[in-house]
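Just follow the structure's listing: the first ligand is 1, and inside any ligand the first atom is 1.
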Amino acid sequence: MLLRATLVALAAIVDLVHAQDESNQPPCSQLSALSTNNATIFPADLAYSCLRSVPLAKEGDLVQLSGLRTFLEFQSDLTYLEDPTIGRIYPGVDLLAGLDKLTSLLEDDFYDNEYSFQLDIFKLLSSAYDGHLLYIPDIVDVFAFGRLLNEDLDDQGDTPDVYAYSDEAALTNPGDFGYSPSPIIQINGEDVLTWLNSYASQNGRSQDPDANYNQVFVSVPALAFQGTETSYFALSRFYQGENTVLTFANESTRDVMTRAHYLSDKSLEGLTDGASFFDRFCNNNLTETILAQANSSGTTPSQTTLNDTAVPYEPVSTEGVASPHPAYPRPIVISEDKSVAGYFSNANPDLAILAVTSFSSLSLIEFENVVRQLLATASENNRTKLVIDLRGNGGGTIFLAYDIFRQLFPTETPYGAGNYRAGELHNFTGRVASENIEQLRSAYPELVNAGVDGVVLNSFNYREPLTENNEQFTSWEDFFGPQQNDRGEFTSLNRFNLTDISATTVPILGYAEDNITQPQTFSPEDIVLLHDGNCASTCAIFSEFMTSQMSTRSVVVGGRPQTGPMQGVGGVKGSQVQGMFILSTIVTAVLAAAPLPDQLDFITKFGTDLVSATQQALNRASAGGSLIVKASVNFRNNIRQGDESETPLQHIYEAADCRFFYTPKMYADQAAVWDQAYDSTWGSMECVEGSTEHPSSVTGGSDITAEPPEMARNFFGGNGSIVLGAEFDSVLRNTSSGSSSSGNSTTPGGNSTAESNGDSEDSKSGTNALVAPSIRASFLALSGILLFL
Ligand SMILES: *[C@@H]1O[C@H](CO)[C@@H](O)[C@H](O)[C@H]1NC(C)=O
Ligand SMILES: *[C@@H]1O[C@H](CO)[C@@H](O)[C@H](O)[C@H]1NC(C)=O
Ligand SMILES: *[C@@H]1O[C@H](CO)[C@@H](O)[C@H](O)[C@H]1NC(C)=O
Ligand SMILES: *[C@@H]1O[C@H](CO)[C@@H](O)[C@H](O)[C@H]1NC(C)=O
Ligand SMILES: *[C@@H]1O[C@H](CO)[C@@H](O)[C@H](O)[C@H]1NC(C)=O
Ligand SMILES: *[C@@H]1O[C@H](CO)[C@@H](O)[C@H](O)[C@H]1NC(C)=O
Ligand SMILES: *[C@@H]1O[C@H](CO)[C@@H](O)[C@H](O)[C@H]1NC(C)=O
Ligand SMILES: *[C@@H]1O[C@H](CO)[C@@H](O)[C@H](O)[C@H]1NC(C)=O
Ligand SMILES: *[C@@H]1O[C@H](CO)[C@@H](O)[C@H](O)[C@H]1NC(C)=O
Ligand SMILES: *[C@@H]1O[C@H](CO)[C@@H](O)[C@H](O)[C@H]1NC(C)=O
Ligand SMILES: *[C@@H]1O[C@H](CO)[C@@H](O)[C@H](O)[C@H]1NC(C)=O
Ligand SMILES: *[C@@H]1O[C@H](CO)[C@@H](O)[C@H](O)[C@H]1NC(C)=O
């Protein structure tokens, strides 16, 4: 007995000594010691200390900044960001001046560690609020910071605002639970709305504040599609302290633990200090990154099970199949990957629902078939009204937007014209590529493997795109222009050759061999788009076809708890995202194929270091997705038909036609959301006060010069520290926006829903994917419920 007690005591002492030893170790070494059993959850402070102990790599960092400058030249709306239009709500940002500022801070030894520096690069590019403009430095992608859902913690709850999502069931069925849920009134001692608005601005990457606000909260469509919680409150890319204190209206508080969530697939074992952390996680050899990804993409299992046969326009059984999530009814038809599904409403016998949660489909034909089958089945069953639920849809394969539009309106031609920024490097690359296209194609088959193909060449080979009038361009000069407007020089407006795309890339109804005949099932006035602000990229392209060409109305749900209108499409509306790796591959290949005089011309214009600098910028980006690294720009502007100012659509404010708020029931039952969308459009037509007929909305006249309403700029006191912090403000911001302490400067980020990654990302098939990450752990979520009216 005694012996045993002594041994236990001894063991405890040894543990203590061990622990003390450990705490004298560098933080990365301590982290390494905790990384047994493939642990993915670590103390947040320790992870943060480890990150901040990584020594600054100044020489390489300077080269990296220079490489980034080259890539930013391809950002289509660079000059609009610098000098914002009236339609933009967030402040503008001069990204090139930002790089200059970072360069001088580096040179002045402002940074004492690598993490802080790289995080500032991330923040700078994030401050554009453009989901296509993404650059995640390697060191920033090792940990995320998540608020853990801890069921064991003691919880200590009228007409409320924000609830913990775990109170959802009790809100829906008050009688079944032993307490009445109370709304959150403070977070970390700060007024909940101030905190949330600041947090949304810092973590969100949509250009609309309501969209970013919604993304702080749980999204049932996203949850159903991805099977995992990805809202910003649950998970941020930024250190959040060790805990978050929620204060409820009933005066109880809840202490929510924050933990570092490990994201890398490398092992943490054997790290000794910050320098060894750098060696393992940073400055990876890009060639090796590519090889590793080629390895892993070869092992994707799913493809074999998918159905790739086009079906005719014929109804299917209305009995329904398994629902994608308990909050959903049984679908009439659904794709295997759950990206698209069709439903019938029980409450409204004339209503069908087409739910498109993502355009990132694993099987393009199957996706198109699901749409076709829903339309045919709706028609057969006299469902004459259609809600198209686009909540949570951050985009995907561009041409699926074209196909759905054609399926809805088989005789309409989708417009989709856009332009590129007419920069010098684009001019050089495109001219030489166009002049040497056969040589490029035959000499560089690996270009094709890297995804450099039709859609990409569209931007560099003038023979591929068509003019605004669907005619051929006659020369590179004819395509490139440049056309001058008040924000600089842009290429000629151009469109995709849909016959060519349909034959080679994605079948589009009525083009090339996609010659299935199908009737128009719904009239435009019998369709309504249902948005939550999240819509971006390919979703924005589709919404633009619908609202601008067919005057289809839209309703939007959620947003900041205030009256007035809200935008449905809150994400980037650019019509092509482009991986920096692919841009680099093209420039390099073109340079190699160029005749000597052109090579000399290149060196004269751009110097000898451009290629190695861009390579360094790519080496410092986190690996991921089939874009090889998590680094991309918004490459192509989408332009409204007839807009002579040629303003990129994301710089135009566009309110939805009606707005409503979520109720508890709508979280538990998605049919309640659809029925509300129906009622708001064709029934009672009740909408949030002041949310209808804004001049920018379809019913208000679609005025592209309309100003956002005053309340769109209301951040509830949480305006501040949206971008880089005080020392950057004077240089980067063209609109002053006050400042606030809320959320603190450490907060921004989160693996945004706006990342151009995702397994199905594929430039070859013209993909604009803004895919949320997959995180497998339970994180605390909030629900933005407003018991309105
Ligand atoms: C850790 O992960 C690796 C690779 O996934 C696996 O082979 C190994 O068994 C795991 N170890 C433990 C202790 O779970
Ligand atoms: C106060 O509200 C919280 C959050 O809804 C709830 O968990 C808690 O049980 C409530 N406390 C009391 C005493 O009602
Ligand atoms: C990168 O990796 C490739 C393939 O392993 C190798 O050939 C090359 O030398 C490496 N580059 C550097 C700079 O280490
Ligand atoms: C690719 O896979 C092979 C076989 O599994 C492995 O030997 C090789 O190391 C992998 N290469 C990379 C770069 O991961
Ligand atoms: C593919 O879809 C067609 C039409 O729905 C169906 O008849 C066929 O059985 C499906 N094939 C597979 C392999 O699921
Ligand atoms: C659809 O309407 C037609 C004409 O009114 C009717 O004959 C048919 O029975 C209806 N079909 C269903 C499924 O309700
Ligand atoms: C594009 O390049 C050509 C050939 O070098 C040159 O003549 C032309 O001026 C360039 N255009 C612009 C706008 O720089
Ligand atoms: C579009 O592409 C198709 C197929 O490649 C081609 O036959 C057609 O001529 C192109 N259209 C125009 C206007 O060039
Ligand atoms: C439709 O396309 C197929 C090839 O996929 C072709 O065989 C058929 O003739 C076409 N039908 C029509 C009506 O053009
Ligand atoms: C937030 O910004 C808006 C618009 O610039 C301004 O009207 C409001 O006063 C600002 N609020 C704070 C707290 O700075
Ligand atoms: C911000 O950080 C400071 C210093 O770390 C801290 O004192 C303050 O409470 C924080 N504010 C908020 C709102 O978290
Ligand atoms: C970000 O996304 C990538 C790719 O989907 C994923 O591997 C990573 O875990 C995500 N990180 C966070 C913080 O969610």
Side-chain angles (χ1 to χ4, degrees), residues 57 59-60 63-64 67 138 147 149-187 192 218 233 244-256 278-280 282-295 314-320 332 342 344-346 348-352 374-385 446 519 521-522 526 581 584 588 611-621 623 628-629 664 667 780-785 787:
E59 293 306 309
V63 180
Q64 175 191 10
D138 43 29
R147 297 187 166 84
L149 178 65
N150 191 333
E151 305 286 11
D152 299 328
L153 283 177
D154 240 357
D155 295 334
Q156 279 306 11
D158 148 320
T159 32
D161 292 349
V162 180
Y163 286 90
Y165 190 53
S166 47
D167 280 343
E168 166 58 30
L171 281 167
T172 317
N173 300 299
D176 302 353
F177 296 80
Y179 73 102
S180 46
S182 181
I184 296 165
I185 56 166
Q186 288 185 339
I187 298 180
V192 64
V218 78
F233 186 81
T244 302
V245 182
L246 307 182
T247 306
F248 298 92
N250 65 8
E251 297 187 340
S252 69
T253 61
R254 184 190 291 185
D255 216 348
V256 183
F278 184 90
D279 289 343
R280 184 162 309 169
C282 306
N283 212 19
N284 290 317
N285 179 330
L286 186 67
T287 312
E288 286 176 354
T289 303
I290 295 165
L291 289 177
Q293 285 188 357
N295 255 9
E314 277 167 13
V316 295
S317 161
T318 57
E319 265 170 34
I332 303 299
F344 282 176
S345 164
N346 284 331
N348 296 291
D350 57 345
L351 175 63
L374 185 268
L375 294 179
T377 312
S379 171
E380 172 80 5
N381 289 275
N382 301 332
R383 300 267 165 169
T384 55
K385 300 278 193 282
E446 65 267 29
T521 314
F522 295 93
D526 290 331
F581 170 74
S584 155
T588 311
V611 171
S612 57
T614 53
Q615 202 70 12
Q616 176 67 12
L618 290 169
N619 282 350
R620 290 312 309 274
I628 313 297
V629 290
Y667 276 86
L780 182 76
L782 297 180
S783 52
I785 296 172
L787 297 177

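Ligand-side atoms of ligand 2 in range of Phe248: 4 (C), range being under 4.0 angstrom from any heavy atom. Every atom of ligand 2 is numbered from 1 in the order shown, and the set under 4.0 Å from a heavy atom of Ser252 is 1 (C), 2 (O), 3 (C). Every atom of ligand 2 is numbered from 1 in the order shown, and the set under 4.0 Å from a heavy atom of Pro181 is 5 (O). Within ligand 3, counting atoms from 1 as listed, the ones closer than 4.0 Å to a heavy atom of Glu288 are 2 (O), 5 (O).
At least one side-chain heavy atom of Arg620 sits under 4.5 Å from a side-chain heavy atom of Asn283. In this structure, Val256 and Val245 have side chains that are not in contact, with every pair of non-hydrogen atoms separated by 4.5 Å or more.
Although no hydrogens or angles enter the test, the distance criterion places no donor-acceptor pair under 3.5 Å between the side chain of Ser252 and the main chain of Phe248. Checking side-chain atoms of Asn285 against main-chain N and O of Thr287 turns up a donor-acceptor pair under 3.5 Å. Proximity of a side-chain donor or acceptor of Thr377 to a complementary backbone N or O of Val316 within less than 3.5 Å is detected. At least one donor-acceptor pair under 3.5 Å links the side chain of Arg383 to the backbone N or O of Pro349.
Taking a distance limit of 4.0 Å, we find that atom 7 (O) of ligand 3 is approached by no protein heavy atom.
The single protein non-hydrogen atom nearest to atom 10 (C) of ligand 3 is Asn285 ND2, 2.3 Å, given as residue, atom name and distance. Scanning all protein heavy atoms for the shortest distance to atom 1 (C) of ligand 6 gives Asn382 ND2, 1.5 Å. Among protein heavy atoms, atom 4 (C) of ligand 3 sits closest to Thr287 CG2, 4.0 Å.
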